[in-house]
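Reviewing the structure listed below.
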Amino acid sequence: MNTLSRRDFLVASAAAIASAQLPRAAIAQTTAPLALSAATRTLDINGRAVTVFGLVGPAGQGLVLDPGQRFRVDLTNDLGIDTIVHWHGQVPPNLQDGVPDMPLPLLAPGETRSYDFEARPGTHWMHSHVPVQEMQLLAAPLIVRSAEDLAADRQEVVMFLHDFAFAPAEEVLATIAGGQAGAGHGAHGNPGAPSAAQAAPEMPMGNMMGGMMGMSGMAMDLNDYDWDAYLANDRTLSDPEVVQVERGGRVLLRVINAAAATVFWVDTGAVPARLIAVDGNPVQAVPGNRFGLAMGQRIDLEIDLPREGGAWPILALREGARERTGLILATSGAEVARIDGLAEIEAPAFDTDLAQEARLTALAPLPLRPVDRGHMLMLGGAMQPYVWTINGAVWGQHRPVVARSGERVVMSFHNMSMMGHPMHLHGHAFQVVGLNGRALSGAVRDTVYVPPMSMIDVVLDAGEAARWMLHCHHMPHLATGMMTEFAVEASA
């Protein structure tokens, strides 16, 4: 029997966040810099001990910042290889953005680099910007709590999603790319670029589409690799995390898709939820019990639990397949049944008609102002040869997307390929303002999913004059060239 009062329970839950609710996350309590280490760690995945990478703070994986606290971090590379970390969802000075050689080089083994900038509240994450390292789980939650979070009568839980292979990441990438991505600069200094041998000749859009039509009959390519395991907080459903919750309590579930190449549906099952934020930015509440998110995206779900005790699985379903992972919310003493890692039926493709994106309305939209500049970004590529492009070019052959600092810019992502692309822009937040030609005041994001044969318009205000990465967050796509730069020049 639970003898704690509701308020006592929530206070105790907040104190236990590091060990229970935010996968061993480090809660910052002082203004001194936080020590963060890129290091190896050992996981048990389906009964096999495996060595992976991680971002280890004072209390383990991940960081949580208090309201108003600056992001002051000393990052040390305790790996035996060069690395670098990007603070996904944050808007640091360009010097601290964490992209190889844009402008700083990778950290050498044993090197420490300091970061200090104003943190943006919300559900964010941090990860290596070397594709094969992110595939080796060099990533962790980065939660910046707001004053509203502290005042809310709810328990916070993070679900950090990943796909995992026992094979070396370089081998996996080479397999996916048909042998084209096993070498080259993507593993080292140049941020994800293919080698010269990997870059396919530029192909006119009509020829590219004809090839895809002949090859696939216009069928979507949902998944290009069958991973060995799908993880929620480093665990599979053979041994899921069980989070103790209160009868009749409210839970804020912060879901982060850190997978290399897997889109997930999050299914809350018997307990309905409300989607209240995406990519760390609040939206008007959307009720439901199944919401999707692509690689790099985050969603915040508010869940009201029944007053009777019980156990409630929160499952992440792999798009277009039966595999699933997840965690379990359970009251004290509740019986927790085993859940199979394979669902009975395949989950559908994610948001092909943009229905979910269309339901999202920003609570704090960008202020209205005239547009100074517009850019069309054509997203292309195919499974054979496995090369993915922006405006017909791979990284290294790209033409930057340009603007001046302070300008209002519209970017239109037009996907002419048969795979979806989660497009992520560094150093900026943008608002979704158009879906296939239909105007709306959509969500504020940093990563937008563009389904096949679709177009999404986003608006933003160009920030610091610098070179900012703009790329697909599907790691094999990035590694084979699907990246360009948003080159912001100083205002006249």
Side-chain angles (χ1 to χ4, degrees), residues 63-69 71 86-92 97 117-127 141-152 154 156 158-161 252-258 266 273-288 291-302 351 354 356-369 408-411 413 422-435 439-450 456-463 468 470 473 486:
L63 293 172
V64 176
L65 302 187
D66 291 327
Q69 183 176 358
F71 185 91
H86 168 59
W87 320 106
H88 191 125
Q90 296 300 312
V91 183
D97 188 45
F117 55 85
E118 182 180 353
R120 295 186 74 244
T123 301
H124 306 296
W125 63 304
M126 45 194 174
H127 60 84
L142 172 57
I143 307 302
V144 182
R145 306 187 75 203
S146 66
E148 291 75 16
D149 291 329
L150 291 186
R154 64 192 181 192
E156 294 192 17
V158 162
M159 186 159 73
F160 196 70
L161 302 173
L252 174 63
L253 180 67
R254 301 180 184 265
V255 186
I256 301 166
N257 188 350
V266 175
R274 295 177 298 279
L275 175 61
I276 61 170
V278 295
D279 294 355
N281 300 286
V283 295
Q284 293 182 14
V286 178
F291 301 94
L293 70 169
M295 298 75 79
Q297 293 186 322
R298 293 86 68 206
I299 58 175
D300 289 5
L301 302 179
E302 206 169 52
D351 216 22
L354 291 170
Q356 176 174 295
E357 196 68 40
R359 298 176 70 192
L360 304 179
T361 302
L363 284 183
L366 271 63
L368 294 175
R369 53 172 288 198
R408 172 60 59 92
V409 179
V410 169
M411 292 185 187
F413 297 102
M423 301 304 298
H424 173 53
L425 174 62
H426 289 217
H428 297 77
F430 53 73
Q431 185 179 5
V432 177
V433 295
L435 301 176
L440 77 165
S441 181
V444 174
R445 289 189 169 278
D446 54 62
T447 309
V448 66
Y449 179 71
V450 189
I456 295 182
D457 305 315
V458 304
V459 67
L460 60 99
D461 295 323
W468 298 99
L470 172 58
H473 223 284
F486 182 42

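Computed over heavy atoms, backbone and side chain alike; hydrogens, waters and symmetry mates excluded.
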_Determine whether Phe71 and Glu118 satisfy the following criterion, side chain to side chain contact (heavy atoms under 4.5 Å, CB included), listing intermediate values before the conclusion._
CA-CA 6 Å; Phe71 185 91; Glu118 182 180 353; over 6 Å; no
*Give the C-alpha distance, both sets of side-chain angles, the deciding distance and a yes or no for side chain to side chain contact (heavy atoms under 4.5 Å, CB included) between Leu253 and Glu156.*
CA-CA 6 Å; Leu253 180 67; Glu156 294 192 17; over 6 Å; no
_If you apply the rule side chain to side chain contact (heavy atoms under 4.5 Å, CB included), what do you find for Val266 with Met159, and how did you get there?_
CA-CA 10 Å; Val266 175; Met159 186 159 73; 3.9 Å; yes
*asked:* Working note: Ile456 + Leu354, criterion side chain to side chain contact (heavy atoms under 4.5 Å, CB included); need CA distance, chi angles, decisive distance, verdict.
replied: CA-CA 9 Å; Ile456 295 182; Leu354 291 170; 3.8 Å; yes
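Closest non-hydrogen pair, Ala273 versus Leu301, comes out as CB-CB, 4.3 Å. The two atoms that bring Val91 and Gly427 nearest to each other are CG1-O, 3.1 Å, heavy atoms only. Of all non-hydrogen atoms in Leu150 and Pro67, the two that sit nearest each other are CD1-CG, 3.5 Å. Residues Ala443 and Val278 approach most closely at CB-CG2, 3.6 Å, considering heavy atoms. Smallest separation of non-hydrogen atoms from Ala364 and Val444: O-CG2, 3.8 Å. A pairwise comparison of heavy atoms in Pro365 and Ala362 identifies CD-O, 3.8 Å as the closest pair.
Partner of Asn281 under the side-chain hydrogen bond (donor to acceptor under 3.5 Å, both in side chains) criterion, chosen from Arg120, Gln431, Arg298: Arg120.
The CD atom of Gln297 sits 6.0 Å away from the OG1 atom of Thr447 when rounded to the nearest 0.5 Å. In this structure, Leu275 CG and Gln284 CD are separated by 11.5 Å, a value rounded to the nearest 0.5 Å. Atom CG of Leu425 and atom CG of Leu460 lie 6.0 Å apart (nearest 0.5 Å). Atom CG of Leu252 is separated from atom CG of Asp300 by 5.0 Å, given to the nearest 0.5 angstrom. Distance CG/Leu363 to OG/Ser441: 10.0 Å, rounded to 0.5 Å. The distance from the CG atom of Leu440 to the OG1 atom of Thr361 is 7.0 Å, given to the nearest 0.5 Å.
Counting heavy atoms from C-beta on, the side chains of Val255 and Leu293 come closer than 4.5 Å. The shortest side-chain heavy-atom distance between Arg154 and Glu302 falls under the 4.5 Å cut-off. With contacts defined as side-chain heavy-atom distances shorter than 4.5 Å, the pair Val286/Gln356 does not qualify. When side chains are defined from C-beta on, Val459 does not count as touching Met411, because their heavy atoms never get closer than 4.5 Å. The closest side-chain heavy-atom distance from Val448 to Phe430 is below 4.5 Å. Counting only heavy atoms from C-beta outward, the side chains of Arg359 and Pro287 approach each other to under 4.5 Å. Put simply, the side chain of Ile143 reaches to within 4.5 Å of the side chain of Arg145, judged on heavy atoms.
For the residue pair Asp446/His428, the side-chain donor-acceptor check at 3.5 Å is not satisfied. Between Arg254 and Thr123, the side chains place a donor N or O and an acceptor N or O closer than 3.5 Å (distance only, hydrogens not considered).
The ring of Trp87 has its center no closer than 6.0 angstrom to the ring center of His124. The aromatic ring centroids of Trp125 and His473 lie less than 6.0 Å from each other. Taking the six-membered ring where the residue is Trp, the centroids of His426 and Trp468 are separated by 6.0 Å or more.
Salt-bridge check for Glu357 with Arg445: passed, with a basic side-chain N closer than 4.0 Å to an acidic carboxylate O.
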